[in-house]
Structures are given as structure tokens and as C-alpha cells.
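Written below as C-alpha cells is the structure these notes are about.
Note on naming: letters A, B, ... go to the chains in the order of the sequence lines (proteins, then strands), and numbering restarts at 1 for each one.
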There are 2 protein chains.
Amino acid sequence: MSKQALIQFIQNVLPMSEEKAKQISQHFNEKLFLKNDYILKEGTVCRESHFIEEGLVRGYVVDLDGNEVTTHFYSNPIFANDFLSFFKRVPSKINLQTLSNCKTWVISYDELQQCFHTIPEFREFGRMMLINSYSRLQNRMLGMLQLSSEQRYEKLIKTHPEIFQNTSLKNIATYIGITDTSLSRIRKELLHK
Amino acid sequence: MSKQALIQFIQNVLPMSEEKAKQISQHFNEKLFLKNDYILKEGTVCRESHFIEEGLVRGYVVDLDGNEVTTHFYSNPIFANDFLSFFKRVPSKINLQTLSNCKTWVISYDELQQCFHTIPEFREFGRMMLINSYSRLQNRMLGMLQLSSEQRYEKLIKTHPEIFQNTSLKNIATYIGITDTSLSRIRKELLHK
DNA sequence: TGCATTTCTTACCAAATGACAAGAACTTTT
DNA sequence: AAAAGTTCTTGTCATTTGGTAAGAAATGCA
């Protein structure tokens, strides 16, 4: 039961001694998921934060017509949760579902709060993670504003090729804000280049 | 020199006693800006965080063709800064420019760090602000994924009409991810309804 | 005030995208 | 293995959007 990946991740987010990172990692427990399991269901409060060590997780919402819209892909190494629901303890509006068997390291809200109070490096790490997440989202938003559909697709396949091996093109299409039909056409054109 | 708006904002973000909120607010100083002043220029490190009490601020980036893309509008009551640049002390990629005369309450990075260490409620407030910002951005991203251009325009004018009084339609167009030509057409159609 | 600049609208046309439907390829279930 | 369901592609057509340009309106500046 090696937490090496988690320890490494913590140190990457916030440089600190290995001892300190190990101390933090001790508050996480292993959890295994099968493909299609739900880590979080909309309407419930997100009470755990998961470090994804293995596997792929998809976040999505369901719109009024019943269509799923992919809001996030979470692939190793990253934390998966709904920040708003987790920290404010309000019902979540998103679903987190595994796209493959997954291995995660989990910490509960209560334990995390406890650690925030007692380990300054942990809360600093938490802040850095939030900032990194905000920055990534900001970057993605910028892509929505200034890139074409084709460019967004190319960017995704270049930066996160692993996503394509575990989910449908339909899910990828809604993630970049287009229909599956349109994505299929884009893929066809790119083949001819 | 009343900090009432700031104190109120702090208490709204994180419920706490008025005494505590006042104590926090004491670390902020008043700053006045004229229209078109820069609060932050790209390439420089964001060393201050500004609570906007009066006025409107626009965040934007410049793309390869020299076109400005509006990334944010900041209107009272809200904090304006570049989280990534501010907390990681790296050069910012965005510009923050006032669209009107502004009155802000400012705190420097150093003072904020100091306060984070000495006032638990302050750092908790900081975390809540980050989460709120993340959540708003997430919500906006969701709008990009599942709303039409027209719907995004209508949502913006409904939730933030004040923006329209201080900036050009061109800036609003890039904010919702369309061209000014397209926005003009949308406005025309909405008039006929 | 008068000139220059910017903003906003409108028109035209080409390109991109969506809605819908059909069929092929592939998976899952029974 | 057969049936049912899903995914992906393709075609058609209507709609939306972008690029460009021109002109009107508004604004800023000398």
C-alpha cells in the first residue's frame, strides 16, 4: 500500500520535505472503484475528496432535455471532487462517475478540516490546489473564447490523450462544447491533413 | 473613510462577528483609480488584491492577432486580482483595467500572508472567496457548454446589467465568446420579440 | 467647434454548426 | 449465438456564425 504517487503529488503542488508530505498522506485511505461507479451523485453533499492514482473519472451534469454535459475529466494525478459542495457542504449539482476501474486515496471533510487546523503545510497545499484548479479552468475558459472547435479538440488530444482511451467521442464533444456530429466531421477533416 | 461595504462583504462570504470582520478590514487601504487606469498589467506580478467598492474593472488578454479578449468583469462588491499570479508570484498573463473611476480597498501580498498566519478567520475567508470564484467560473463555463450565444447574452444582461453601462458591446461580445457583428444581430432579433 | 477615432449596425457571402435520420460498426445482455 | 443497445459516421438541409466592408452614430480630442 504505497502512497508514493500521492506524496509526490503533494510535493509537486507545494514543495515541502518528504517527511511532511508523508505525514499529510497518512490521513488518506485507499479506495477502489469499478468502472461506472459513482464517486458523487448530484443532489448529495460531496463529503470526500479523492486523489486519483489510477483510472479516469468524468464529471457531468444533466440538462433540461436529459442530455449529459461533461464538465470535467479527472485523470491521474489529480484530485476529484466538487469544491463548492465539499467546502460549503451543500448538495452538489454534478455527478462524478468512473470511466474505468479506479484506485483513489480519499480523505473525508471532517478529517481534512482537522488537518487544516493542525498542519499549516496542509492548508497551504489545499490553497495551492484550489489555485491550480482555478487556473486550469480559467485556461479552459480562455480556450472556449478564442479557439475554434477544431483547435479545442486538437489541444485536448495533445494535452490529455489518455482521456480518449476510456470514454466516448460523445462525452468528449460535450466537454469541448460541440455536438458529436460536429466532432465526427472535425475528426474526418483532420485525417485528410 | 467607511469600510462598511468591505466589512459587509467579508461577513457575507464567511459569517463572523462584526468585530472580527472589522479587524480584518483594518488591513486594507483605500485606493482611487481614474477611468482606463491599469490595476494590473500582463507580464508583471500581481502584488495586490483589490476589493472593488465602486466602479467597474475589465480583465482581458491580447491574442496573437492583437485582438483583446475579455476574460472577466469585476463589479462591486467583488475582489479583482489574478489568483495565479498573486498567490504564486509569477508574471500575470492578464490585464486589469478600469472602465470607470473606481474606489477600491487594497491589501498587499505580504500583508495578506501575514494576516493569513495570524487570523484564522481571514484565511478561512480567503478560502471561501477562492471557492466562490471557482464556482462562478464553473457556472460560466457550463453556460458556454450548454447555452446558445443569445442565451448567454440574455443571462449576462439579466444578472449583470451594470456592466452594459460602462463598456462597449465589443468587450461584451468577446466575454461571451462571439464577435461584435454576431452580438449586434442577436440584439436586433431580441428587439423584435 | 470641427476633425479624427471608435463604436455600432447592416449587408453580403462563405464557413461552421446543429438537428435529424439512416446505416455501419461495435458492445453488452440474454 | 442472437438480440438489443450504443457509438460513430455520413448525408441533407436549415440556422448560426464569422469575415469583410461600408456607413451611421457616438465619442474623444485638438
Side-chain angles (χ1 to χ4, degrees), chain A residues 34-37 56 58 60 62-70 73 97-101 142-157 161 163-193, chain B residues 34-37 56 58 60 62-70 73 97-101 142-157 161 163-193:
Chain A
L34 294 177
K35 182 176 177 177
N36 294 330
D37 279 351
L56 186 65
R58 180 174 77 109
Y60 71 90
V62 182
D63 71 14
L64 297 173
D65 301 328
N67 302 313
E68 295 182 356
V69 175
T70 301
F73 288 112
Q97 186 180 23
T98 62
L99 292 167
S100 66
N101 293 348
L142 203 52
M144 290 299 297
L145 297 180
Q146 59 183 6
L147 298 182
S148 67
S149 302
E150 184 174 317
Q151 290 172 317
R152 295 202 298 279
Y153 171 76
E154 285 186 300
K155 185 178 173 185
L156 184 63
I157 204 169
I163 293 174
F164 290 75
Q165 280 141 26
N166 284 293
T167 194
S168 66
L169 291 175
K170 193 178 177 177
N171 287 341
I172 287 170
T174 62
Y175 180 75
I176 58 179
I178 59 178
T179 60
D180 55 344
T181 311
S182 191
L183 177 56
S184 193
R185 272 190 295 245
I186 287 170
R187 284 161 55 83
K188 188 182 179 183
E189 282 194 14
L190 287 177
L191 277 179
H192 292 189
K193 290 181 180 174
Chain B
L34 294 178
K35 182 176 178 178
N36 294 329
D37 279 350
L56 187 64
R58 180 174 77 109
Y60 70 91
V62 182
D63 72 13
L64 297 172
D65 302 328
N67 303 311
E68 295 182 356
V69 176
T70 300
F73 288 112
Q97 187 180 21
T98 61
L99 291 167
S100 66
N101 293 349
L142 203 52
M144 291 298 297
L145 297 180
Q146 58 183 7
L147 298 183
S148 67
S149 302
E150 184 174 316
Q151 290 172 317
R152 296 202 296 278
Y153 170 76
E154 286 186 300
K155 185 177 174 186
L156 183 64
I157 205 169
I163 292 175
F164 290 75
Q165 281 143 25
N166 283 292
T167 193
S168 67
L169 291 176
K170 193 177 178 179
N171 287 342
I172 287 170
T174 63
Y175 180 74
I176 58 179
I178 60 178
T179 60
D180 55 343
T181 310
S182 191
L183 177 56
S184 194
R185 269 190 302 244
I186 287 170
R187 284 162 55 84
K188 188 182 180 184
E189 282 194 14
L190 287 177
L191 276 180
H192 292 190
K193 289 182 180 172

Under 3.5 Å, N/O pairs linking protein and nucleotides 17-19 of chain D:
residue	atom	partner	partner atom	Å
D/dT17	OP1	B/Ser149	OG	2.6
D/dG18	OP2	B/Thr179	N	3.2
D/dG18	OP2	B/Thr179	OG1	3.0
D/dG18	OP2	B/Ser182	OG	3.4
D/dG18	N7	B/Arg185	NH2	3.0
D/dG18	O6	B/Arg185	NH1	3.4

Could you work out which one of D/dT7, C/dT10, D/dT10 sits closest to the side chain of A/Lys188?
->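 Of the candidates, D/dT10 comes closest.
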Please report, rounded to the nearest Å, how far the [atom2] atom of [N] is from the [atom1] atom of [X].
X        : N      : atom1 : atom2 : answer
B/Lys170 : C/dT5  : NZ    : P     : 15 Å
A/Gln151 : C/dA15 : CD    : P     : 17 Å
B/Tyr153 : D/dT16 : OH    : P     : 17 Å
B/Leu169 : D/dT27 : CG    : C1'   : 14 Å
B/Asn171 : D/dT27 : CG    : P     : 16 Å
B/Leu145 : C/dG18 : CG    : C1'   : 16 Å
A/Glu189 : C/dA15 : CD    : C1'   : 10 Å
A/Gln165 : D/dT7  : CD    : P     : 18 Å

Apply the side chain to side chain contact (heavy atoms under 4.5 Å, CB included) test between B/Glu150 and each candidate in B/Arg187, B/Lys155, B/Glu189; give the one that qualifies.
->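 Result: among B/Arg187, B/Lys155, B/Glu189, B/Glu189 is the only option passing the side chain to side chain contact (heavy atoms under 4.5 Å, CB included) with B/Glu150.
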Rounded to the nearest 0.5 Å, how far apart are [atom1] of [X] and [atom2] of [Y]?
X        : Y        : atom1 : atom2 : result
B/Ile176 : B/Glu154 : CD1   : CD    : 10.5 Å
B/Leu183 : B/Tyr153 : CG    : OH    : 6.0 Å
A/Leu156 : A/Ile163 : CG    : CD1   : 5.0 Å
A/Asp65  : A/Asp63  : CG    : CG    : 5.0 Å
A/Leu145 : B/Ile178 : CG    : CD1   : 11.0 Å
B/Leu99  : B/Phe73  : CG    : CZ    : 6.5 Å

Look at the side chain of A/Thr70 and the backbone N and O of A/Ile172, then say whether any donor-acceptor pair between them is shorter than 3.5 Å.
-> no
Could you run through nucleotides 23-30 of chain C and give me one letter per nucleotide, 5' to 3': B if any protein heavy atom sits under 4.0 Å from the base, S if only the sugar-phosphate is that close, - if neither?
-> --------
Is B/Ser184 touching bases, backbone alone, or none of the nucleic acid, heavy atoms closer than 4.0 Å?
-> base
Let me see the working for A/Gln97 and A/Glu68 under side chain to side chain contact (heavy atoms under 4.5 Å, CB included), right down to the final yes or no.
-> CA-CA 12 Å; A/Gln97 186 180 23; A/Glu68 295 182 356; 5.7 Å; no
Should B/Arg187 be listed as having a side-chain N or O under 4.0 Å from OP1 or OP2 of C/dC8?
->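 Indeed not, no polar side-chain atom of B/Arg187 lies that close.
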